[in-house]
Amino acid sequence: PLAVTWPVACSWTRVERRSMANDGLNLRPTSASLNRSKSDQTPGEWSPVDRGAACRYGALYMRVAAKYSIPVSEADAEAVTSACDDATLS
């Protein structure tokens, strides 16, 4: 979520922030209700109910974080690992 990027993005130029916010890797079509339920929560705070979707969401979150050097909390990393472990077991 964009809210999580601010500690890093606050030092970026306006163009860099806009580029990150509009990066296709960072944007995914979804329903309005799902987007509202997720809000600006991270994988450690929110996850899709479907195991496969939870893993895909977490993996994408990690890719965006890596691309933009955004720190990932231990809780988020653990949630993504757990979601992807669960998805491979189903």
Side-chain angles (χ1 to χ4, degrees):
L2 292 175
V4 176
T5 67
W6 189 246
V8 174
C10 67
S11 65
W12 296 349
T13 66
R14 181 180 217 159
V15 171
E16 290 170 321
R17 288 192 300 269
R18 184 174 291 140
S19 176
M20 187 273 182
N22 293 311
D23 185 333
L25 182 63
N26 199 30
L27 298 174
R28 290 290 181 252
T30 189
S31 69
S33 63
L34 183 62
N35 194 45
R36 280 191 297 272
S37 77
K38 185 187 93 46
S39 186
D40 64 355
Q41 298 176 84
T42 65
E45 301 165 318
W46 180 91
S47 181
V49 175
D50 177 82
R51 291 178 181 182
C55 180
R56 289 188 299 276
Y57 166 69
L60 184 61
Y61 182 92
M62 299 299 273
R63 286 180 59 202
V64 170
K67 181 175 181 178
Y68 291 98
S69 301
I70 298 164
V72 174
S73 73
E74 187 174 324
D76 291 334
E78 288 174 2
V80 172
T81 299
S82 177
C84 291
D85 284 349
D86 287 348
T88 60
L89 296 175
S90 58

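A salt bridge (charged side-chain N to carboxylate O under 4.0 Å, His left out) check over residues 12-24, counting only residues at least two apart or in different chains, returns the pairs D23-K67. Identified under the ring pair (Phe, Tyr, Trp, His ring centres under 6.0 Å) test for residues 17-57, with sequence neighbours left out: W46-Y57. Pairs engaging residues 25-47 under the salt bridge (charged side-chain N to carboxylate O under 4.0 Å, His left out) rule: none recorded [sequence neighbours left out]. Counting only residues at least two apart or on different chains, the disulfide bond (SG atoms under 2.5 Å apart) pairs with a member in residues 2-62 are C55-C84.
Between A65 and V72 the shortest heavy-atom distance is CB-CG2, 3.5 Å.
For S19, there are no side chain to side chain donor-acceptor pair (under 3.5 Å) partners, not counting sequence neighbours. Judged as a ring pair (Phe, Tyr, Trp, His ring centres under 6.0 Å), and not counting sequence neighbours, the contacts of Y68 are W12. S31 meets the side chain to side chain contact (heavy atoms under 4.5 Å, CB included) test with S33, L34; sequence neighbours excluded. For A83, the side chain to side chain contact (heavy atoms under 4.5 Å, CB included) test picks out A54, with sequence neighbours left out. Partners of S73 under the side chain to side chain contact (heavy atoms under 4.5 Å, CB included) rule, at least two apart in sequence or in another chain, are A75, D76.
Inter-residue side-chain proximity for Q41 and V4 is flagged as unmet; no heavy-atom pair is nearer than 4.5 Å.
W6 is not connected to M20 by any chain of hydrophobic side-chain contacts under 4.5 Å among Ile, Leu, Val, Met, Phe, Trp and Tyr, and they are in different clusters.
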- Carefully, step by step, assess L60 and N26 under the rule side chain to side chain contact (heavy atoms under 4.5 Å, CB included). CA-CA 8 Å; L60 184 61; N26 199 30; over 6 Å; no
